[in-house]
Structures are given as C-alpha cells and as structure tokens.
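See structure below.
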Amino acid sequence: MTVRARFAPAPSGSLHVGNVRTGLFSWAFARHHGGAFVLRIEDTDASRVSEEAVRGVIESLRWLGIDWDEGPDVGGPHGPYRQSQRMEDYREATERLLSQADAYPCFCTEEELEERRKAALARGEPPGYDGRCRDRTPQDRAALEAQGLPAAIRFRMPEDEQSVHDLVKGDVRWAAGHLRDFVIVRSDGTPVFLLAVAVDDLLMGITHVIRGDDLLASAPRNAAVIRALGGAPPAYAHVPQVNGPDGKPLSKRHGSTSVEAFREQGYLPEALMNALALLGWSKDAETTFVSKEDLVEAFDIARVSSNPARFDTQKLEWLNTHYVQQLSDDDLAARCLHFLSAAGLSPDPSLLRQAMPLVKERMKTLADSVPLLRFLFSDDIAPDPKAAGVIAKAPEGYLAGVADALGRLEPWEAEAITGELDRLASDAGLNRTKGFQPIRSAVTGSTVSPPLPESLELLGRERTVLRLRAVA
RNA sequence: GGUCCCAUCGUCUAGUGGCCUAGGGCACCACCCUCUCAAGGUGGAGACACGGGUUCGAACCCCGUUGGGACUACCA
C-alpha cells in the first residue's frame, strides 16, 4: 500500500509552531515511506478564513522546506484541495448518509439545545445531544419541514463501543453511548468539519492521518462516517500538542509563535525545522542535529512521544547559532542582506561578504547582523552612553595620537593594525582592553563590536581616522 | 460533572523488567581561552509526582491518588 499522508490546517490565524510541528511529522512520515504528501485547507467555516492566511500557510511551509505533491497551489488528481471548493462532494455524501438513515434532520434550535444541555448538567447527567430528533417518523419530519423549520443534519453514531487504534496513543476505546450524534451539516446548508474531514480523507485516499491530539475524540466520529460511506478508515496517529513556556497549549497569548514571526526575527529554516523535529520525537539518545534529510531517513512514528512538549526558545536560539556558523560566507551575507536593508542600511556587497567571518560566530539570529555591522554601513555612529563613557575616560590625547599613527600606518591590514594599536596602548601605559575599548567606542559607537583590528581594516583608513578625530 | 489523553533533571529527551549509584542536548554555575561581545574547551550541580501491588528484581507492568491537558459546539 502506498502511503498517503496529509496536513490540513485551518487558516484562521497564523501557522504556529505547534501546528507546523504536526505537519512536519506528517510530511516526514510520508517522505520516509516514499509516499505522497497532500496539503489541504480546512476552510469550511468561511467566517474564520482569509486569503492572506491561506497564502501565509503555504509560504511558511515552503520556507521551512516542507513540500507537497498535491495541494491548493499545485493541484492534483483528487482536487480541489480547499474544503470551501468541495461542497458538491459533501452534499453527495450527506444525501447518501440521509438515504441510508445514517444521518437525519434535526430540528432542535441552538437555544433549545443549550437549555437542555444546562438542564442535563443540573441533573448531573452528561451534557451531549439527547437524541430528540433521532427517531422521528418520516411523517413527523415532513410535518416539521412543512412548517418551514430549519433543520441541521446529524450523523447517527453507532451505538456500540467505538475504538481507534492510534499509532502513538495505542488502542483508545469509548464505551457504548459515550459518543453522541453530531451535526454534519448546519441548518444553513454548510458542512461541518467532522463531515468534511471524513469525506476528504476518504476521497483523497488518505492512508495515514497524523494530527494534533486535540482531535483524538473526533477520530471515532471520522471513522464512523467513513464506514457509513462504505470506506475503510485510515490509520490515525494523534501527536501531542506543543505547549508554551508556561506549559499551557500554545496560543495568541504566548506572543509571536508563528513560523512567520520566527522568520522575521532572523531564525534559519533549518534551525526551526531541527528544533521542531526534536519536539516529541528523537532519533536516539544522542542526536541533536537533525537535517531535513536525516529526519526523512530516520523518522519513525512509533518513536513519537505521547506526552506534550514545551517549545524551548533557548534551544532554538542555540541551534540557530550553530546553523549560522555552518553557512558559507556568501550564503550568510545573502541572508543578512534583508535584515540590514530593513534597518535602512545599504551594504556594499563586497564589504558585506568580507565582514562575514567577523560576525558569523557572534550572531544568534540574522537580525543580530544589524547592530554588529551598522558601523560599517553607516557613518551615523554617535556613541551610545556606555561608549561615550569609555571615550571620556581615555587618557588625554590618546585618541588623537591613535588617529595620527593610524593615518601613517602601512600597510593597512589587520596584522599591522594590531601591532600599532598594541604599541600605542603600551606607550600610554594601557593593557589591550583599556587601550582598545576607547578606539572601539569611537569608531563603532559601541563597546561591543567584531574584533577591532579586523573591523578597522574593513572600515578603511580614512573613515577610521575621521571617526577618531571626531571624538578626539 | 462525564469521557479520553498525559506524568524522568528548570526544559527537550534516552529508557519498552536486570546494561540505571538513570545517559545526552539546551539553560544554569565554575574555570580556561580572550581587545569588547561571542564562539570554543574543561568540569559541576540537577529528575524517575505520590501510595499501593506484581516480581528474585521496577523509571519501565497493574491499581489508586494527585496534578496537567483535550473533548463534551450548527469551531476546527
């Protein structure tokens, strides 16, 4: 059997790292087994989706390195891949279910349902649907319809015990009567997720449904609908949710946890993917660096942990510094360009490229390139308060002397500059730290910068001397 | 309330009855290196939620308790 897995996000908000992690696992599973991966957009609730969100989902996944064989943008034999465009399939399925008496019209209004729910709760009974419309006679239904009462369509849940063999949770059972009849078509005629997912998974030939475990309870319902439609349910794997640092499920109040946000902060896709891959899954006891290829090669759904994980930003940061260091200078320069431009700088390409070895191991994120390199690409480098303090404490005439000496120095390269700076410092009775810091402050405007002599070499003699004189 | 899921260092995890005086990564602490900041190196502290069983033997199996979470919608 050829594996067909899918990722089916609801584009109601941004794709947060918990969602993608689930998608990543589904993708890795499909790729590991040489199967197909399908992207489907779950937008049955039109009020909650925006076109922007759909585009955002696609872009985020692509950026991360996840690809799909069938989807809304690339098409495929089982399309369309947006639920909002599959209404005909849902209508046909509903008719079949209705004709088989696996579904029935329900005339209860939301208000009535709410009241009965409260009443049941008050009596200490479970609050689910009470089945009032379940066994109405055809005449009864006709009469109610004749009155023009709007009706939703409910699925008639089998009354025996239901069970799901889950690839990560194991066998999960629901005793008879615990799963109530549920609405599959709203009274306005639009299908509900519970129906759409089942129909789509069936029609798209999905063999493995890998999704968040908040959907575990809907698995037996999805499976029941698929069986009623004459199909065989796919295998299910419900992976745990990803929590925020406080241990609560990821949500808006955790701030920017979307893929897009991490991208904007300067994280590398390879680092995010690595971090996500290790959240709830591990290759073995030791492995901490996992590339896309490693993940595909080693992914095993049976090794997915069944308990929820917190997203660890510090580890992401550490992974990111690691991956930044792995990048070639050209690659890194190209990636930094966007951040420097966004900060209003217009870096000279060759200078930028030459600066990479200096900053590579000093960047946690690509965005860090801005404060580190501003002095090279802007002459507006008024010393910050700390730097101003250091300059003020420099011995009388020290910086002017440095300016003079550097103005005559030959050749203008790091090694010679280092020698000269050392000489100047010791002549002034200063050690390297004390001797270099005022210069660094004057030239970069900050007490923190890439190594000084190398920085000066790149800056050039003229700009260096000019800046020294400006503060001297 | 009911049903279901989950429970190893702060955190991510290894662990599927003896290999565990519980291993690794991040974070933390100390030291080394050092022109700032990093990076790097060395070392250190740090966990099986609790209580009962089962067994010659339990982090691993069973039961209970406690604590988290999900679902219980004409949301997905």
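Remember, predicted model here, so these are calculated numbers, not experimental data. Note on naming: letters A, B, ... go to the chains in the order of the sequence lines (proteins, then strands), and numbering restarts at 1 for each one.
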Under the side chain to side chain contact (heavy atoms under 4.5 Å, CB included) test, residues paired with P72(A) that sit two or more places apart: L39(A), I41(A), I58(A), Y81(A), R82(A)
R180(A) vs U72(B): side-chain N/O to OP1/OP2 distance below 4.0 Å: no
Between A27(B) (P) and L316(A) (CG): distance, integer Å: 12 Å
Pair assignment for U16(B), Watson-Crick or G-U wobble, requiring both distances under 3.5 Å: none
Sugar-phosphate, base or nothing in reach of C108(A), heavy atoms under 4.0 Å: base
Carboxylate-amine/guanidinium contact E92(A) R96(A), below 4.0 Å: no
d(CZ, R117(A); C1', G1(B)) in whole Å: 14 Å
Whether R461(A) side chain and L409(A) backbone form a donor-acceptor pair below 3.5 Å: yes
For G1(B), the Watson-Crick or wobble counterpart (both distances under 3.5 Å): U72(B)
Nucleotide paired to C28(B) in any strand shown, Watson-Crick or G-U, under 3.5 Å: G44(B)
P-based separation of C37(B) from A45(B) [nearest Å]: 28 Å
Between P of U72(B) and CZ of R154(A), the distance in whole Å: 12 Å
Between G53(B) and G15(B) - C1' atom distance, rounded Å: 23 Å
Sugar-phosphate only, base, or nothing, as touched by G435(A) at under 4.0 Å among non-hydrogen atoms: nothing
Sugar-phosphate only, base, or nothing, as touched by S187(A) at under 4.0 Å among non-hydrogen atoms: base
C1'-based separation of U8(B) from G68(B) [nearest Å]: 16 Å
Main-chain N/O of T447(A) paired with Q437(A) side-chain donor or acceptor, under 3.5 Å: yes
Any donor-acceptor pair under 3.5 Å from T444(A) side chain to S441(A) backbone: no
Distance between P atoms of U72(B) and A27(B) (Å, rounded): 40 Å
Base partner of C35(B), which must satisfy Watson-Crick or wobble distances under 3.5 Å: none
Aromatic ring proximity F25(A)/F299(A), centre distance under 6.0 Å: yes
Results of salt bridge (Lys or Arg N to Asp or Glu O under 4.0 Å) for E112(A) - residues two or more places apart only: none
Value in whole Å for how far the P atom of C71(B) lies from CH2 of W174(A): 14 Å
Between U36(B) and G46(B) - C1' atom distance, rounded Å: 33 Å
Complementary nucleotide of U66(B), counting Watson-Crick and G-U pairs under 3.5 Å: A7(B)
P gap between U16(B) and C61(B), integer Å: 11 Å
Partners passing side chain to side chain contact (heavy atoms under 4.5 Å, CB included) against D331(A) (at least two apart in sequence or in another chain): L327(A), S328(A), R335(A)
Carboxylate-amine/guanidinium contact R173(A) E161(A), below 4.0 Å: yes
Inter-nucleotide C1' distance (A70(B), C56(B)), Å rounded: 42 Å
Test: R134(A) cationic atom under 6.0 Å from Y104(A) six-membered ring centre, within 45° of axis: no
Touch class at under 4.0 angstrom, heavy-atom based, for A217(A) against every strand present: sugar-phosphate
Whichever of A151(A) and R221(A) has its nearest RNA chain B nucleotide further upstream toward 5': R221(A)
d(CG, N274(A); P, C26(B)) in whole Å: 12 Å
F262(A): ring-ring contact (aromatic ring centres under 6.0 Å, His included) partners, not counting sequence neighbours: Y267(A), F311(A)
Find every protein N or O atom lying less than 3.5 Å from an N or O atom of nucleotides 5-11 of chain B, and list the pairs.
residue	atom	partner	partner atom	Å
C5(B)	O2'	K169(A)	NZ	2.7

R303(A) side-chain N/O to G15(B) phosphate OP1/OP2 under 4.0 Å: yes
Criterion salt bridge (charged side-chain N to carboxylate O under 4.0 Å, His left out) on R55(A) and E51(A), from CA distance to verdict: CA-CA 6 Å; R55(A) 272 197 304 279; E51(A) 288 311 304; 5.4 Å; no
Interatomic distance where CE belongs to M157(A) and C1' belongs to U3(B) [whole Å]: 13 Å
Touch class at under 4.0 angstrom, heavy-atom based, for L215(A) against every strand present: base
Integer angstrom distance from the P of C60(B) to that of U21(B): 15 Å
Footprint string (nucleotides 31-49 of chain B, 5' to 3'): B base within contact, S backbone only, - free, heavy atoms under 4.0 Å: ----BBBBS----------
Distance in angstrom units between E286(A) CD and G23(B) C1', rounded: 7 Å
Distance in angstrom units between F193(A) CZ and C71(B) C1', rounded: 12 Å
